[in-house]
Amino acid sequence: MQEPVLKVDGLSVAFRNSLAILDDVSLEVHRGQTLGIVGESGCGKSMTALAIMRLMPSAALTVSGGAIRLNGENLLDLDDEAMRAIRGSRAAMIFQDPMTSLNPLFTVGNQVGESIQKNRQIGRAEARRITADLLKAVGLPDPERHLDYYPHQLSGGKRQRVMIAMAIAGHPDVLIADEPTTALDVTVQAQIFQVLRDMQAASGTAIVLITHDMGAISEMADRVAVMYAGRVVEEGPADAILAAPSHPYTRGLVSCIPRVSDAAFDGWPELPVIPGTVPDLDQRGEGCHFAPRCPLADDRCAKRRPPVLHDGERRCACWYGMAGGQPHGRI
Amino acid sequence: MNDSHISEVPSPLREAWVAFLRNRAGVFGLGIVGAVILLSVFGPLIYPVDPFEIVAAPLTPPAENARVPLGSDYLGRDILSGIVHGARVTLFVGGAAAAMTVVIGVLVGAAAGYWGGRTDRFLMRMTEFFQVLPALLFAMALVTLLSPSIPIIATAIGVVSWPAMARLTRAEFLRIKSQNYVIAARSSGAGDLYLITRVILPNAAAPLIVSTALVVGMAILFEAGLSFLGLGDANVMSWGLIIGSNRDYVIDAWWTVTIPGLAIFFTVLGLSLIGDGLNDALNPNLRER
């Protein structure tokens with residue numbers, strides 16, 4: 001089988017060398033494929049993305065173990081300068097809030113152009129021409145005119161397109177999209193996803209899509225990794241997991257998706273919710289982090305770390321086995 | 001936003017300039033400072049009387065002798081000539097001290113705010129050391145030890161006034177470096193130098209520009225203070241020197257100190273008004289519509 005473009009192997013990130021923020025996270029994404037990472041706020045999705053780019057927001061956060069291999073090369077072994085060269089050229093990222101992700105003082109053409117010039121020895125005019133092509137590729141109408149706009153003159157959807165243009169300028173092998181449509185409305189979300197899919201079809205870029213929206217997963221992802229409290233609790237092909245989730249947390253997430261077929265004449269049935277919230281860093285015990293909220297949990301779940309079970313292309317970390325959507329049996 | 005009505009795209013600087021022109025006090029200040037700059041450049045050509053030459057009886061009041069329209073000092077030197085020729089030195093000291101303040105302050109503050117950690121702690125302890133020095137005493141000591149020449153005086157003022165600029169720059173860098181657009185720029189491969197000079201500094205510029213205008217005014221006051229204490233350069237005419245050399249005659253000849261005092265007052269007022277106007281113009285939240 002082909003080597004994955006990005007392979008995260010047992011990645012752990014700790015706060016002040018004691019509290020684990022990411023705990024043994026393993027992921028992989030192949031060329032031309034999309035990996036969705038899903039979970040509630042505080043589950044470590046964004047932290048995983050920032051750790052891959054080596055953009056830890058604070059010096060108190062350190063990688064305490066594991067490897068991040070981009071085309072086989074461990075990014076954690078690189079010095080700062082080598083890592084800087086990778087960002088924007090081989091690994092790029094787009095962010096949740098396009099409203100604040102562009103430098104407000106420079107025009108679109110200026111910003112995207114300079115990010116192109118960082119990676120290639122080309123002149124200003126050439127960079128401007130390439131920028132116009134990129135803006136066209138991400139579906140901005142009249143790209144020549146948009147070059148001279150300042151970010152505040154663009155809508156959120158257009159700004160996110162500009163961010164995507166900037167991210168794909170260096171033809172990255174992997175593009176990390178951290179909740180790229182959360183700040184946008186639903187029609188714009190569909191357009192942005194279309195831009196990402198077109199870009200992927202044209203270039204074969206692997207995409208890591210971080211989201212809390214199961215709908216986005218079903219629309220975009222080939223594989224999905226469900227994260228909870230810093231661990232990957234379930235991972236596998238997106239359609240299989242959405243159709244038959246194994247882990248109780250994934251089941252909870254999937255059951256929270258409203259379906260049109262559920263609508264009745266007198267309105268919608270009440271959506272199920274998962275009671276409780278993600279535990280704080282210092283409240284995560286030895287056992288399964290989801291145990292306090294899990295309907296199946298018993299003493300063992302709370303005390304001992306669940307085993308990672310493999311079933312074909314899927315894996316799941318639960319004491320109650322993998323039953324592919326069927327009632328779990330104890331193992 | 002509709003595309004059709006945003007075809008006119010003013011740059012942020014141009015927009016700020018238009019906003020500044022709408023601020024009457026700021027334009028008034030710009031007028032004063034502009035006049036002082038013109039005076040310092042062309043004044044000596046139009047009014048070529050040597051400010052050190054004795055041209056009238058000592059302590060002649062204003063409007064008594066046509067040769068000294070604003071009166072004469074305790075040696076009989078022309079005060080008007082002192083004002084005209086002193087403007088250049090006064091502005092030079094203010095400008096040079098402010099330039100030094102900005103260069104040291106921004107370099108130290110940017111490094112401390114950007115890199116943080118140990119760099120920040122070291123630079124901030126150093127800044128605090130300079131900040132707690134009694135400014136006037138330190139400048140006096142420096143001027144006395146070296147020589148009371150104009151470059152030394154400007155340096156002394158610069159050395160005691162950069163800490164405030166450094167702290168302001170650091171605070172802005174701390175605020176801006178965690179903004180999304182900085183993280184986004186970093187994720188697209190921007191290096192430290194690029195982030196500092198092209199991403200963070202331009203966004204931090206507004207308060208720094210405002211504060212620079214105020215530093216010029218403060219430096220002019222500082223020079224006057226040193227001159228008043230007799231620590232100015234006695235060989236170069238400045239407004240402070242006129243006040244300083246006539247200080248024993250304040251009671252008998254008010255004009256000898258009042259006239260240069262007013263010149264200083266209005267120049268500093270002008271600079272403050274410019275600073276205020278810039279503050280409003282560069283900060284969209286304060287901009288009046």
Side-chain angles (χ1 to χ4, degrees), chain A residues 49-50 52-55 57-60 80-81 83-107 110-112 114-119 141-142 145-156 158 163 166-170 172 176 178, chain B residues 1-17 112-121 172 174-209 281-285 287:
Chain A
L50 292 172
I52 293 170
M53 297 296 286
R54 282 188 43 195
L55 290 170
S58 154
D80 288 348
E81 190 51 35
M83 190 60 217
R84 194 190 65 71
I86 290 208
R87 289 187 205 118
S89 64
R90 288 173 53 200
M93 186 161 172
I94 55 179
F95 293 84
Q96 177 169 352
D97 188 2
M99 305 309 275
T100 59
S101 295
L102 288 165
N103 189 339
L105 291 182
F106 296 101
T107 60
N110 214 323
Q111 291 187 50
V112 182
E114 280 189 1
S115 76
I116 295 170
Q117 283 180 299
K118 265 181 302 224
N119 296 321
D142 202 355
R145 197 158 61 109
H146 280 86
L147 289 176
D148 294 321
Y149 281 167
Y150 287 88
H152 72 268
Q153 292 166 310
L154 303 178
S155 64
K158 284 185 177 176
M163 292 303 299
M166 205 144 132
I168 64 175
I176 300 173
D178 187 358
Chain B
M1 190 187 283
N2 188 349
D3 278 6
S4 57
H5 80 273
I6 53 168
S7 46
E8 276 296 307
V9 185
S11 80
L13 271 183
R14 197 180 159 74
E15 209 176 342
W17 173 241
Y114 183 81
W115 278 289
R118 219 171 283 173
T119 316
D120 181 34
R121 281 193 290 277
E172 284 296 301
L174 285 179
R175 180 177 69 80
I176 294 168
K177 81 171 173 184
S178 58
Q179 297 282 315
N180 283 337
Y181 54 83
V182 177
I183 300 167
R186 200 191 288 273
S187 81
S188 71
D192 293 336
L193 194 65
Y194 181 88
L195 285 174
I196 292 174
T197 57
R198 290 284 292 168
V199 183
I200 306 182
L201 196 55
N203 282 287
L208 300 182
I209 291 169
L282 295 172
N283 185 343
N285 297 329
R287 219 179 267 168

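Order of the sequence lines sets the chain letters (A, B, ...), proteins ahead of strands, with each chain counted from 1.
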Atom of A:K158, atom of A:L154 and distance for their closest heavy-atom approach: CB-CB, 4.0 Å
Between A:P151, A:P104, A:G170, the one whose heavy-atom pairs under 4.5 Å with chain B are most numerous: A:P104
Contacting moiety of A:N110, where chain B heavy atoms sit under 4.5 Å: side chain
Geometric class of the A:Y150/A:H152 ring pair [parallel <30°, tilted 30-60°, perpendicular >60°]: parallel
Proximal to chain A - members of residues 192-199 of chain B, heavy-atom separation under 4.5 Å: B:Y194, B:R198, B:V199
Proximal component of B:A205, with respect to chain A [non-hydrogen, under 4.5 Å]: neither
Non-hydrogen atoms of A:F95 and B:A184 that approach each other most closely: CE1-CA, 3.5 Å
Atom group of A:A91 that falls short of 4.5 Å from chain B, counting heavy atoms: backbone
Minimum side-chain heavy-atom gap B:L201-B:L208 below 4.5 Å: yes
Over all atoms of both residues, closest heavy-atom pair of B:I183 and B:S178: CD1-O, 3.7 Å
Closest approach of B:A16 to B:A281 (non-hydrogen atoms, all atoms of both residues): O-CB, 3.4 Å
Engaged part of A:L55 at the chain B interface, taking heavy atoms whose separation is under 4.5 Å: side chain
Option that, when pairs with chain B are counted at under 4.5 Å, heavy atom only, ranks first among A:M163, A:R84, A:M166: A:R84
Residue pairs passing the salt bridge (Lys or Arg N to Asp or Glu O under 4.0 Å) test where at least one lies in residues 85-100 of chain A, sequence neighbours excluded: A:E73-A:R90, A:R90-A:D173
Rounded distance (nearest 0.5 Å) linking atom CG of B:N203 with atom CG of A:L105: 4.0 Å
Which portion of A:M99 sits near chain B, non-hydrogen atoms under 4.5 angstrom: neither
A:G156 to A:P98 - nearest heavy-atom pair and separation: O-CG, 3.6 Å
Nearest-0.5 Å distance that lies between atom CD1 in A:I94 and atom OG in B:S188: 12.5 Å
Pick from A:E114, A:R54, A:E81, A:M53 with the largest number of heavy-atom pairs that fall under 4.5 Å of chain B: A:E114
